[in-house]
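A short worksheet on the structure shown next.
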Amino acid sequence: MPENEQSDLIQQREKKLQAIVDLGFEAYPRKYDVTHAIPQIVTENSPLSAEQLAANKISVRVAGRVMTMRPHGKAGFAHLAGGGKRLQIYVRLDAVGERDFELYKLLDLGDLIGVEGYLFRTRTGELTIHAEHLQFLAKAMLPLPEKWHGLTDVEIRYRQRYLDLMVNEEVRTVFERRGKLVRAVRDFLEAEGYLEVETPMMQPLAGGAMARPFITHHNALDIDLYLRIAPELYLKRLIVGGLDRVYEINRNFRNEGISTRHNPEFTMLEFYQAYADYHDMIALTERLLRRVAEAVLGSVEFDYGDQRISFAKFEQITMKDAVLKYWPSEVEALTPAQLDDAQAMADRIPGLNQWLIQRGVAPIPADAGHDKRSGELLALFFETVAEERLIQPTFIVDYPLEVSPLSKQKPENPNFVERFELYIGGMEIANAFSELNDPEEQRNRFQYQQNLREKGDLTAHAIDEDYIRALSFGMPPTGGEGIGIDRLVMLLTNCRSIRDVILFPLLRPEKHIE
RNA sequence: GGGCCGGUAGCUCAAUGGUAGAGCACUGCCCUUUUAAGGCAGGGGUUCUGGGUUCGAAUCCCAGCCGGCUCACCA
């Protein structure tokens, strides 16, 4: 924000900083040796009574940010924040001396200080440091947000996440859980014999998913590169090379819309296991998610909005059955056989659109019925009628061939592939399949995608000749999966927006900042 | 990109056509166990921007900027 708007406040604080320096304190000292972190003191001493604290006289030296001040003439209280906890300090003129008490009086909310003293309980029973010495550590030149309501303006919360973290304690919890979740994923896969690897974020072809990429340029080589939309094809090259169990947790970049469930850069876990198929991936996913929930929440059940979600049991249903199960009664019914019949499905689009419009949802484009094949329509219908209804963890299996360019066909029905997506809380969380390892069939699939691309579908998969070459050296039968980490964090932190689980979500650049 | 809602003091919010306010924060004074500390006094505004209507606009109208939610693309 412009400096002139707050020049009075800043000038006041500059004067105070000068006064602090005049007392003999450094304006920006190098370090402060603490004996304890604030949460440690709170945890360790909570059980101790006032009498026990008085008898033991436990000396501590801590540092933190001043969050509240209650001066009382020649004494005063303050709360220091650190490590997500607050601890009260009590400063008396006769205990800290003139110089330190002058410092106390010059403090502003937001300043960083060190305190040395001993623990006691106040009359109201609050654990407090009886200060014997104060150290000035850094000045807050700008004022903190209001102390009761905190900071609610979501734009400032996202743009100035440091403020959000300072004053909204639950925000810290979200990101602590996110860290625990990623840690738990790594521990689990490590124990399963997986190797963590890193593959290119800048790729000459943006493969492995269907999405529009970001494009960039390398000057020395004078080539265009794409920020990756998925690591998939590189990880499978590693399977070819004999790294039989690999995983990667890192960012993907997709040049698509922004919403409460989409950020242009998002974190994806992908893992590949040689000599396994998608059934093995289902079993692994169930174990992984239970382990992660236990690690993060200590439970496999949790609230998400007004729903109670349990990882104790995972449903499994084919895409066709899901469409039939959730097909709206207001629309003319479909028989199972008609789900292979593009014409029969196209005939339902007008009725379906009427139903969608009544519910305030945008209809399916009118031309969808003309040029789409039955598998594409099936996937479209699934997303339209079933996806948001899948609250409890549900594996949707048997995906149509047309929307699955990298998956192996089902032996008993080549129009469908060995693939699943896992839905929880109405969101797609995971996508997995038995990996296609037949190089000729892969070439055919790429060719089909290429045709879509030439018809104007910018998300259709590009032909990757080196990937076909890699498959031509022989890839073992392999199960592979991707899990959207941000959405998993949303579930386990009860956040409705992906921006609440990404520290610095992409926003339009701020205009008026100097 | 479409629809809906919003933008007033550093922060959270009032004021619905008639003198821009409150609480917190800030400044000064008093106060040695408070915790939304208290008491007294005070400073602080391009009401998002630009037009328009009107005797008079924070308020009504138009355009724009910014944000949220939602729909579409997508994970």
Side-chain angles (χ1 to χ4, degrees), chain A residues 1-2 4-13 15-16 50 67-79 86 88-96 101 104 108-110 120-126 128 130 140-159 163 167 209-212 229-230 252-270 356-357 359-365 383-384 387 421-423 427-431 457-459 482-488 490 496-499 507-512:
Chain A
M1 62 197 77
N4 55 0
E5 276 184 22
Q6 300 189 6
S7 58
D8 287 355
L9 287 165
I10 292 174
Q11 279 172 17
Q12 282 166 7
R13 292 192 178 202
K15 278 183 195 157
K16 284 188 181 179
M67 300 305 287
T68 64
M69 295 259 285
R70 291 175 296 283
H72 292 264
K74 295 182 178 59
F77 292 90
H79 272 111
R86 293 186 180 197
Q88 183 168 255
I89 64 169
Y90 178 49
V91 184
R92 297 171 57 124
L93 171 59
D94 54 15
V96 300
F101 198 72
Y104 171 78
D108 285 301
L109 297 187
F120 77 112
R121 282 191 191 280
T122 62
R123 277 179 199 156
T124 56
E126 179 166 347
T128 302
H130 198 294
M141 302 306 294
L142 292 170
L144 253 45
E146 205 247 9
K147 69 181 177 185
W148 301 346
H149 305 87
L151 179 65
T152 58
D153 182 319
V154 286
E155 183 181 1
I156 298 176
R157 287 189 48 221
Y158 297 145
R159 284 197 198 281
L163 283 181
V167 302
M210 319 247 270
R212 297 173 68 175
I229 58 175
N252 288 349
F253 306 86
R254 298 190 184 175
N255 206 340
E256 311 272 1
I258 296 174
S259 79
T260 48
R261 292 177 181 189
H262 300 89
N263 194 61
E265 54 177 311
F266 63 102
T267 301
M268 180 82 109
L269 162 68
E270 285 204 13
L356 289 170
I357 290 163
R359 302 172 72 243
V361 180
I364 296 170
E383 286 161 18
T384 304
E387 182 167 338
E421 287 190 352
L422 173 62
Y423 287 84
M427 290 189 288
E428 181 191 337
I429 298 297
N431 177 21
D457 182 354
L458 294 172
T459 69
I483 295 181
I485 295 296
D486 309 277
R487 289 181 178 179
L488 193 54
M490 285 170 69
R496 311 303 293 194
S497 170
I498 198 168
R499 294 182 187 184
L507 302 174
R508 199 181 298 275
E510 200 171 358
K511 283 231 158 151
H512 299 296

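Chain A is the first sequence line, chain B the second, and so forth, proteins listed ahead of strands; every chain is numbered from 1.
- Checked against B:rU34, B:rC73, B:rC66, the side chain of A:Glu256 finds its nearest nucleotide in B:rC73.
- Legend: residues meeting ring-ring contact (aromatic ring centres under 6.0 Å, His included) with A:His130, ordered by chain and number and at least two apart, are A:Tyr90, A:Tyr118, A:Phe120.
- Between A:Thr260 and B:rC69, a side-chain N or O to OP1/OP2 separation shorter than 4.0 Å is absent.
- In this entry the distance linking CZ of A:Phe77 with P of B:rU33 reads 7 Å, nearest Å.
- The separation between A:Asn255 atom CG and B:rC73 atom C1' is 11 Å, rounded to whole Å.
- A donor N or O paired with an acceptor N or O is found under 3.5 Å between the base of B:rU34 and the side-chain atoms of A:Gln88.
- Positionally, the nearest nucleotide of RNA chain B for A:Asp153 lies more toward the 5' end than for the other of A:Asp153 and A:His130.
- Distance CD1 (A:Ile10) to P (B:rG43): 22 Å, rounded to an integer number of Å.
- What separates CD1 of A:Ile364 from C1' of B:rC71 is a distance of 14 Å, to the nearest Å.
- Rounded to the nearest 0.5 angstrom, A:Met427 CE and A:Leu488 CG are separated by 8.5 Å.
- Scanning all heavy atoms of the two residues, the minimum distance from A:Thr122 to A:Phe77 falls at CG2-CE2, 4.1 Å.
- Considering every non-hydrogen atom in both A:Thr267 and A:Asp486, the closest pair reads N-OD2, 2.7 Å.
- For A:Arg487 (side chain) and A:Glu428 (main-chain N/O), a donor-acceptor pair under 3.5 Å exists by modelled atom type.
- The separation of B:rG38 from B:rC24, taken at their C1' atoms, amounts to 15 Å, rounded to a whole angstrom.
- Comparing B:rC26 with B:rG7, their C1' atoms are spaced 24 Å from each other, to the whole Å.
- Counting non-hydrogen atoms under 4.0 angstrom, A:Asp457 reaches nothing in the nucleic acid.
- For the pair A:Arg496 and A:Met490, the minimum side-chain heavy-atom distance is 4.5 Å or more.
- Base pairing annotation: B:rG1 forms a Watson-Crick or G-U wobble pair with B:rC71, both donor-acceptor distances under 3.5 Å.
- The shortest distance between the side-chain N/O atoms of A:Arg92 and the OP1/OP2 oxygens of B:rU32 is not below 4.0 Å.
- A:Met69 places a side-chain heavy atom less than 4.5 Å from the side chain of A:Leu109.
- Among the nucleotides B:rA75, B:rU33, B:rG67, the one closest to any side-chain atom of A:Tyr90 is B:rU33.
- Across all strands shown, B:rC31 forms no Watson-Crick or G-U wobble pair with both distances under 3.5 Å.
- Atom OH of A:Tyr104 and atom C1' of B:rU32 are 11 Å apart (whole Å).
- Summarising the geometry, the separation between OH on A:Tyr158 and C1' on B:rC66 is reported as 16 Å, rounded to the nearest angstrom.
- Note on A:Met210: only backbone sugar-phosphate atoms sit closer than 4.0 angstrom, heavy atoms only; bases stay farther off.
- Below the 3.5 angstrom threshold, one finds a donor paired with an acceptor across the side chain of A:Asp94 and the base of B:rU32.
- B:rU33 and B:rA14 have their P atoms separated by 39 Å, given to the nearest Å.
- Note on A:Arg212: nothing from the nucleic acid sits closer than 4.0 angstrom, heavy atoms only.
- OP1 or OP2 of B:rG67 sits under 4.0 Å from a side-chain N or O of A:Arg159.
- Considering only side-chain atoms of A:Thr122, the nucleotide from B:rU33, B:rU32, B:rU12 that sits closest is B:rU33.
- Remark: ring of A:Phe266 overlaps the six-membered base ring of B:rA75 in a stacked fashion, centroids less than 5.5 Å apart, planes less than 30° apart.
- No more than 12 heavy atoms of other residues, nucleotides or ligands lie within 6.0 Å of CZ in A:Arg212, so this atom counts as exposed by the packing criterion.
- With P as the reference atom, B:rU54 and B:rC11 are 36 Å apart, rounded to whole Å.
- Within the shown strands, nothing qualifies as a pairing partner of B:rA20 under the Watson-Crick or G-U definition with both distances less than 3.5 Å.
- Residues A:Lys16 and A:Met141 are not in side-chain contact: their nearest non-hydrogen atoms beyond the backbone lie 4.5 Å or more apart.
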Quiz prompt | Contact letters for nucleotides 22-27 of chain B, in which S counts primed atoms plus P, OP1 and OP2 and B counts the base, heavy atoms under 4.0 Å | solution = -BBSSS
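- To the nearest angstrom, P of B:rC73 lies 24 Å from CZ of A:Phe253.
- Base pairing of B:rA63 is made with B:rU49, judged by Watson-Crick or G-U wobble geometry with both donor-acceptor distances under 3.5 Å.
- Scanning both residues, A:Ile229 and A:Ala209, for their nearest heavy atoms gives CD1-O, 3.4 Å.
- Comparing the C1' positions of B:rU59 and B:rU16 gives an interatomic distance of 5 Å, to the nearest angstrom.
- Applying the Watson-Crick and G-U wobble criteria (two distances, each under 3.5 Å), B:rC26 pairs with B:rG42.
- Using a 4.0 Å heavy-atom cutoff across all strands shown, A:Gly257 reaches at least one base atom of the nucleic acid.
- If you take CD1 of A:Ile357 and P of B:rG3, they are 16 Å apart, rounded to a whole angstrom.
- Across the P atoms, B:rA9 and B:rC48 are found 8 Å apart, a figure rounded to whole Å.
- B:rG6 and B:rC61 are spaced 11 Å apart, taking the P atom of each and rounding to whole Å.
- For the P atoms, the distance from B:rC65 to B:rG50 is 15 Å, rounded to whole Å.
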